[in-house]
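The next block holds one structure in the form of C-alpha cells; read it before the comments.
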Amino acid sequence: MPYTAEISRANPACFVFVVDQSTSMEDQIGGEFVQRKSQVVSDAMNRLLYELTLKCAKEEGVRDYFHVAVIGYGATVGSAFAGPLAGRDMVPLSEIASSPARLEERTKKTPDGAGGLVEQTVKFPVWLDPVSDGGTPMNQALSKARHLVEQWVEQHPSSFPPVVLHLTDGESTDGDPTEVTRGIMSLLSTDGNALLFNLHVSGAGGTPATFPDNDTQLPDSFSKMLFGISSPLPEHMKNYARAQGLSTGEGTRGFVYNADVSSIVQFLDIGTRASDLR
Amino acid sequence: MASPKKYPSSSDYAEALQNTGSCFRDKDLRGGDVQTTPLGMPRAISGNFASVFSVVGGNGKRYAVKCFTRHVPDQQVRYEAVSAGLADLNTSWQIGFDYQQSGILVRGSWYPILKMEWIEASGLIPWLERNLEQSGAIADLALDFADMVNDLQDAGLAHGDLQHGNLIVDRAGRLRLIDYDGMFSKSLIEHGAAEMGHINYQSPLRTMNDYDDKLDDFSAWLIYVSLLLLIEDPGLWTEFHAEGEEKLLFGREDFEDRQVLSALAGMPQFSTALAALETCWSARALSFVPEFEPAGLPSPDEILTGGGYDPLPSARTVQDPPAIPTGRPQQVRPVTFSGGLGSSRLCLALAVLGLLAMPVAVLLPVVGIPVVALSLLAAVAIAVPAYRAQPELADRQRAAYALQSAREERFAAAERLRTGRPSPHRAPPAAATPAGGTPGASREQIEIERVTAQAQEEKAQVTQALAELQQTEAGRLREALEAVQEAHVVQQLKPLVITRSILWGIHPRITRHMAQVGIVTAADIGSVTVGPAAGKRKVGLIVDRRGQRYLIDGLDGAGVQALKAWHRGEVNKAMKTAPSTLPPEDVEAIRKAAEQERQQLKAQQAQLLRRISIETRAIKKRQQAEQLRMRHAGGGARRPPAPPRQPEKTARQIAQEELEAAEQAERRAAQVLDSYSGIRLDRFLLR
Ligand SMILES: Nc1ncnc2c1ncn2[C@@H]1O[C@H](COP(=O)(O)OP(=O)(O)O)[C@@H](O)[C@H]1O
Ligand SMILES: [Mg+2]
C-alpha cells in the first residue's frame, strides 16, 4: 500500500513549503480580527515548523525524521528562512529546531475556563517573517519545489513520498501552475507519488474549509483552481482527519481554505507503529 | 462512545504550559516549573499520540505530564482499570500515575492529562548503546524484564506495547515500564484494544480484535531473546542494529526476509534463543504464540559465565504446535514453549553428561550408554527445578558477576599496558613515556583487523550495490511511467492524420512525400527540426518515433514551424489526460524484480556478516588460548622487576601496577566463586 513507508532517522521524509510573498499578500483579510495575508501565512508556517519539531522531539532532542525546505516567492524566488538558516534549501529538522531567527512574544486574551478571559504572554519561535513584495512567480517557485523533490526522491527513493505544502492567495503572475504541479505530483518514491497540499489564504469570503470533498462551496476561480491542483488525501490521512472530527469522502483533497493547516503534521506517522488508524 | 473531537496539538500544549499558573487544575502542578529547551521553550518528548513534559511542582517534586494529541475512547475508564490492576502489585518497575480527566486548559477547553512521577531514566536503546560491553548490567536488566513480564502475567494484565520506547532504565540501572495507554485488564474486555503496539515488536497476526492476557507474549520473547543474545555477544548490536533503527536486533522485516536469522543460524550458542523466536514467528494463530516463560532459555547468568548454551544444536527440535481446534479458539490453552523448556533441560542434561564423563566411562562396559543416559536425563529433569530454587544460587550468580567484571577490568588493564593509553580514571602522568606493545597480543589484533577489514570491504561493496539497486528501482519506476505515458500519447495522436489537419505552408506534395516514408499521423512524428542546409535551401527534418531521420524535400522553414507547433500542441493536449501514476500491477512487478535482486544481495551481505563474526570469534579464541597457555607456562615466574631509581612513574608502570591489581582482584573473585562450587548442578545431583 502506498504512503506506508516508515518515517525514521534511517529513512527520513521531506517537506517542501512554498510560500507566497508577493505584493498581493499585503491585503487584509478578516473575520473577527483583521490581518494581513502575509501575516497569516508566516504565522501558519512558523506554527507548522514548531509543530514538526515538537512532534519529532525525543528524550535526547529533536530527531531528523524530516528534512525541510521553505521556498518564498515574490520579488525573488528562494529560501525564505530568516536568521541563521537564511539562504538554506533542505535543512535537517534538528537544525531547524535549534536555529529559529528569534523567539517572539505575544500577549493574548484567552478563556480562563470559567467564563472569563485572562491576558497571557506566550513565546513562540519564528523562522519566517511576513513579506509582501513583488510579483507572484508561482510557476517559478513550484518549479524549484519540483526540483528539490526530484533530488530528494533520487537520493531517498524508498522514503515516505515528499510533501509539498503551498501557501498562497492564488493570484499567479507567471501563468497557470497546473502543468508544474502535475509534474510535482508525478514524482515518485517507491512508496507513492509526491503529495501537493494547498493552503488558500483569501479575502474572497465564504466559509473556511478543511480538506473538502469537492469545490462547489469554494468562493472563486482561484480557490477552485487550487483545489484542482491538490493531491487526493491518502487513505490513512483521511482516517486521521476523521479521528479529528472532520468529514471526508471519495474526493477529499489536501486543500484548506482560510483555515488551520497545522493538523497535517498529525497525519504523519513517525517511526514504525502498527497504528490502528492505518 | 464519545464522538471524536479535535485534540490540541503538541504546540498548543507547549503554549499552554508557558502559563502553569492557569493551565493546570492539579495543586501540585499549578504554578510549577516546566523544564525547557536551550532556547527556553517547554521541552517535549513526543510519541505519535502524546507529548510528555517535565514539571517541577510547588512541592519540589518532579512530575511527568502526558498530554494527549488524539482522542482515545474510554480513556478514563481504561486508566482507572489499569490503576486498580497495578495497585496491589507494588513492584519496582511500576510508575505512579494519576489520570485527570480535566487536567489542562487549552484555548478555553479542558483536556485530560496523565500526571506521573518523573523517572530520571534513559530509553532502552541509548542505555544499551552505552552499556553494550557491560554484559553483567544487561544480564541484570534481562532478569528485571523477565520478572516484570511475570508480574504482569500473575496479575492477569498485559501491557500491549512492550517496546524500546516504553522501557526505560533508571539511574539505579533498574528497568521501568511506562505508557500504560493500551494495557489489557480483564475488566476492560468489553472496551477492546486501544492500539496495536509497535510494528517491530508485534506478531503480524495481531489485529485490533486481539485483546487478552497474551498480548505481550510475542514482544516479551523478542525483547528477552535480544537481551540474551547481547549478553552473549555485544557485537551483534553493531552488526544488526543500524543507527536510528526503531528496534533492538529483530524487527518485522528481519523476520520476513530472514537474513539476520539465517546469519545467526550457524552458531550453536544462539540456537535455543532463535528457536524460541522462530516458534513465536511461525505460530499459525496468535493464541499459539507460546506463553512467555524465561525458564525455557539459558538464564542470563548462565550466558554470562559461558555455560548457557547448547553444545549440540542438532539435538534441538521445535515441536510443532497442535492443529488449531475448530470451535472455540479462545479457550485453547497456549502450548508452552517446548523448544525451550524441554530442550534447555536436555541441554543441561547433556552438559551434566559431559561433566560426568568419567564415571560414565567407568560404568559403560557394565550398563551401556542408553541406560545411563536415560537415567541421567530423568534425574536432571527432576532435579533442575529444585536446583534452581536454591537460595545460594543467587549468591553464586553475584559472585559470577564479580568475576566477570574483574575479568573485564583485567582485560582492560592488559590492553592499557599494551597500547600505552592511560586509564580513564586517571590523569596521564606528566612524564609518560611511550610503552612498547606485547608483540603476541598485537599480532592477533592485527589479524582481527585484517580479516574484518577485508570482509568489511566486501560488505561495503554489497551495501553499495543495495543502495544502487534502490536508485535503479526508482529509475525503473520512472521509466515505466514514462513508457505508459508515451503509449497514451501515441494512442491519442494516432487518429490525427496530417493531411486532414489544417497546416499552413504544407503542400500536398510534401505530405505525399512524408507518407512515402511512413509519416501519416501525428503519432508517427518524434520531432521536427530544420535539417542540414542542402545548398542554399533549408530542408525540414523529421525524426520518427523509432528514431529514423527523414529529410523532407520541399518542407521549408515556415512549414517546419507549422508542423512543429501543431505536433507539440497535440502532444501537450494528450499529456494532460495521460496517467500520472503507474498501474499498481506494474509497480508490483518492478518491485518484485528489484526485491529478488535485493534478496540475493542481502543473502550475500548476511553471509559476510556471518563470516566476520565467525572469524573474529576464532581469532579471539586463539588469542585467549594463547594467553592462558602463557600464563600457565609463566606459572610462578617472577614479574618483570620494576625499573629501579625512577622517581616519576611512567604510564607503563602505572598500567603494569593496574594490571597486577586487576589480576589479584580476579583471583579473589575466582576464589569466591569457587567456594560456591559446592552447589554446582552435578554435585547437587549426586548429593
Ligand atoms: N514518567 C516518566 N518519566 C520520565 N520520562 C517519561 C515518563 N513518561 C514518559 N516519559 C518519556 O516520554 C516518552 C513518551 O512517553 P509515552 O508514555 O511512551 O508516550 P507515547 O504514548 O506517545 O508513546 C517516553 O519514551 C519517555 O522518554
Ligand atoms: Mg510510548
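In what follows, chains carry the letters A, B, and so on, assigned in the order in which the sequence lines appear, proteins first and then strands, with residues in each chain numbered from 1.
In terms of heavy-atom pairs under 4.5 angstrom with chain B, the leader among A:Val153, A:Thr110, A:Leu103 is A:Leu103. Taking B:Gly251, B:Ser46, B:Gly165 one by one and counting their heavy-atom pairs under 4.5 Å with chain A, the maximum is reached by B:Ser46. Across B:Ala193, B:Ala44, B:Ala594, B:Pro579, the residue that shares the most heavy-atom pairs under 4.5 angstrom with chain A is B:Ala44. Considering only heavy-atom pairs separated by less than 4.5 Å from chain B, the leading option among A:Asp64, A:Thr121, A:Leu187, A:Thr190 is A:Thr190. The choice from B:Ser109, B:Ser122, B:Pro42 that makes the most heavy-atom pairs within less than 4.5 Å of chain A is B:Ser122. Between chain B and the options A:Arg182, A:Glu60, A:Gln155, heavy-atom pairs under 4.5 Å are most frequent for A:Arg182. Your options are B:Glu245, B:Arg107, B:Met575, and the one with the most heavy-atom pairs under 4.5 Å with chain A is B:Arg107. Among B:Ser11, B:Ser51, B:Gly108, B:Ser10, the residue with the largest count of heavy-atom pairs under 4.5 Å with chain A is B:Ser11. With chain A as partner, the option from B:Arg478, B:Glu243, B:Gln485 having the largest number of non-hydrogen pairs under 4.5 angstrom is B:Arg478.
If you measure heavy-atom distances from B:Leu105 to chain A, the contacts under 4.5 Å come from the side chain alone. Within the 4.5 angstrom heavy-atom criterion, no atom of B:Lys247 approaches chain A. Residue contact with chain A, scored on non-hydrogen atoms closer than 4.5 Å, involves the side chain of B:Arg43 exclusively. Within the 4.5 angstrom heavy-atom criterion, only side-chain atoms of B:Leu481, from C-beta onward, approach chain A. Heavy-atom distances place the backbone of B:Pro8, and not its side chain, under 4.5 Å from chain A. Contact annotation for A:Val118: neither backbone nor side-chain heavy atoms come within less than 4.5 Å of a heavy atom of chain B. For B:Ala121, the part lying under 4.5 angstrom from a heavy atom of chain A is the backbone only. Of the atoms belonging to A:Ala97, it is backbone heavy atoms, and not side-chain ones, that fall under 4.5 Å from chain B. Of the atoms belonging to B:Pro584, not a single heavy atom falls under 4.5 Å from chain A. Residue contact with chain B, scored on non-hydrogen atoms closer than 4.5 Å, is absent for A:Pro2.
The existence of a salt bridge linking B:Lys6 and B:Asp12 is excluded, since no basic side-chain nitrogen approaches an acidic carboxylate oxygen closer than 4.0 Å. For A:Arg47 and B:Glu15, the salt-bridge test passes: some basic side-chain N is under 4.0 Å from an acidic carboxylate O.
The shortest heavy-atom contact between B:Asp210 and B:Leu286 is CG-CD2, 3.3 Å. Across every non-hydrogen atom of B:Asn19 and A:Gln120, the tightest pair is CB-NE2, 3.5 Å. The two atoms that bring B:Trp110 and B:Ser102 nearest to each other are CE3-O, 3.7 Å, heavy atoms only.
Side-chain N/O atoms of A:Asn198 and A:Ser230 include a donor and acceptor closer than 3.5 Å. For the residue pair A:Ser8 / A:Asn11, no side-chain donor-acceptor distance below 3.5 Å is found, with atom types taken as modelled. Of the N and O atoms on the side chains of A:Ser189 and A:Asp191, not one donor lies less than 3.5 Å from an acceptor on the other residue.
Applying the ring-ring contact (aromatic ring centres under 6.0 Å, His included) criterion to B:Tyr111, with sequence neighbours excluded, gives B:Tyr7.
The aromatic rings of B:His198 and B:Tyr201 sit perpendicular to each other, their planes meeting at more than 60°, with 30° as the lower class boundary. The aromatic rings of A:Tyr240 and B:Phe49 sit tilted, their planes meeting at an angle between 30° and 60°.
A cation-pi arrangement is absent between A:Arg106 and A:Phe124 under the rule of less than 6.0 angstrom and at most 45 degrees off the ring axis.
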